[in-house]
Amino acid sequence: MHITLETKPFAALETDALVSYVFDESDPIQGRISEIDTAAGGFLKKLAKSGEFSGKPLETTLLHAVAGLKAVRLLLLGAGKREKFDNAALRKLAGVATRYLKTRSVHNFAFVVRENDATEDFAQAIVEGAIAADFESDKYKTDKKNDKFIDSLAIAGYSDAERAAGEKGLARGRIIGESQSFARDLINEPSNKLTPKILAEKAEAMAKQAGLAVEILDERKIADLKMGALLSVSQGGPEPPRMIVVTYTPADPKPGAPVIGLVGKAVTFDTGGISIKPADGMEKMKYDMAGGATMLGVMRALATLKPNVKVICVVPATENMPGGTAQKPGDIQTAMSGKTIEVLNTDAEGRLILADGVHYAKQLGATHLVDAATLTGAIVVALASINVGVFSGADQTWTDKLLASAKAVGEKMWQLPMDDEYREFIKGTVADIQNIGSGKGGGSITGAWFIREFAGDTPWIHLDIAGTAWNDDAKPWLAKGPTGVALRTLVHLAMSY
Ligand code: BES
Ligand code: ZN
Ligand code: ZN
């Protein structure tokens, strides 16, 4: 998508659609909308009076050939209450405009921001929203005659004095938006097209192109390093595992400065192993590598945005298969850290591979950890597909920093409790720990506690994205399929250094 910033008066914009938004307020024809109304000879006021639009969230009103405008169409979007309007609402509106117009085979539009909204942050949000909304899962469709796409977007409503800020936001939004699409493309790949080996190759290609350091550990190196927890999962099938390490180092690294470790679960297909999953819906388990893909997307963005902090990304990648060589319930494995694990359920494999991933990230020098994983079905019960589940180690300051980033970029996240009592659930009877809880309930918390055992005293956050990484139903601003959730938060977190 070609995206530009336009400082011309909107009435003179030659575009297939001029898009703006109205608030839910007693007189919606105010400020910039009133300027458009004046150009249109009072037409909008008349429509507003007749109740044609209310400004309610996500309302769409499409008007054709409005006199006084050079644009072919005028699309007015409902923005809800003015007091509640923020970058998250704007991002969604840019997405709604993109999807609404492209389904009508409109290929370009100008998005006009309201009075007071011509900021860097808002330009970024519009670009992110438009790129995210343009994403479709049609790579494997052979009929390429699809004319439902947007090829250019002009962001308008910025004055000459506001141009520099707008351009800055636009550039950042593009990097983040495209990195999110990179992650979503990976998540979409079926398991026959994206094995751990192929994921590692794609990560390596991305890192080299972006100028990031990369190291891929193959199955021999993984065995040499005694990553027994990762190996126990990969032994169930013929595809060898990979441990992917991508590192960003700032230009002027300071000794003793914090080092962020991003660890992402990448199970390229989760059958459940011997504790096999039901057939119904199993196809969705191709997205069990969303955590890893998201972390790689974060690294891709950071390579260009260049935060002032070192970031090490560790992605353990494997299939979870029920072959003849698969681990069996009751097997005892030794993780890289030396801890022994009784594997009571082979379907709780994400925590096993993260055990070695987290331990390795620490060994590589990470002082502050975040892991992201499609870890538990239980998080869907707790938070549905609305909030990412957040679990914190002892250092709440680190978690608060992440939650502040999530808020700033409009990603919904909700922290769950990690009382010591839950830790009892995974105390082992025959090994140090067991990979599922013996108590009833709290499945997402026991999963988090298991990983925490390997983070130790290092500040650590676990993000359970099982409910939020995949969009089951298309939304007006987002296609069905992978979401790339948490990427924007983690980029913001790194950029806050
Ligand atoms: N990959 C699944 C979790 C999952 C479930 C992701 C639904 C996306 C949607 C994970 O490996 C798993 O199977 N977890 C088990 C854990 C249980 C055995 C303790 C689960 O949630 O059922
Ligand atoms: Zn599983
Ligand atoms: Zn899994």
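All ligand and atom numbering here is 1-based and tracks the order in the structure. None of these values were measured; they are calculated from a predicted model.
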Would you say Gly350 reaches the Zn ion (ligand 3) with an N/O/S atom under 2.8 Å?
no
Using heavy atoms and a threshold below 4.0 Å, how should the contact between [X] and ligand 1 be classified: side chain, backbone, both, or neither?
| X | value |
| --- | --- |
| Tyr287 | side chain |
| Met289 | neither |
| Asp288 | side chain |

Closest approach of any protein heavy atom to atom 21 (O) of ligand 1, naming residue and atom:
Gly377 N, 2.7 Å
Nearest non-hydrogen protein atom to atom 15 (C) of ligand 1, with distance, is Asp347 O, 4.0 Å
Write the atom name of the N, O or S atom in Asp270 that is nearest the Zn ion (ligand 3).
OD2
Residues Asp331, Gln327; criterion side-chain hydrogen bond (donor to acceptor under 3.5 Å, both in side chains); working and verdict
CA-CA 6 Å; Asp331 284 3; Gln327 68 177 333; over 6 Å; no
With the Zn ion (ligand 2) at the apex, how many degrees lie between OE1 of Glu349 and OD1 of Asp347, rounded to 10 degrees?
120°
Heavy-atom proximity to atom 3 (C) of ligand 1 ranks first, among Leu375, Asn345, Thr468, for Leu375
Please tell me if atom 1 (N) of ligand 1 is touched by the protein, where touching means a protein heavy-atom distance below 4.0 Å.
yes
Give the ring-plane orientation class for Trp460 versus His462, where under 30° counts as parallel, over 60° as perpendicular and anything between as tilted.
parallel
For Arg351 and ligand 1, does the shortest N/O to N/O distance drop below 3.5 Å?
no
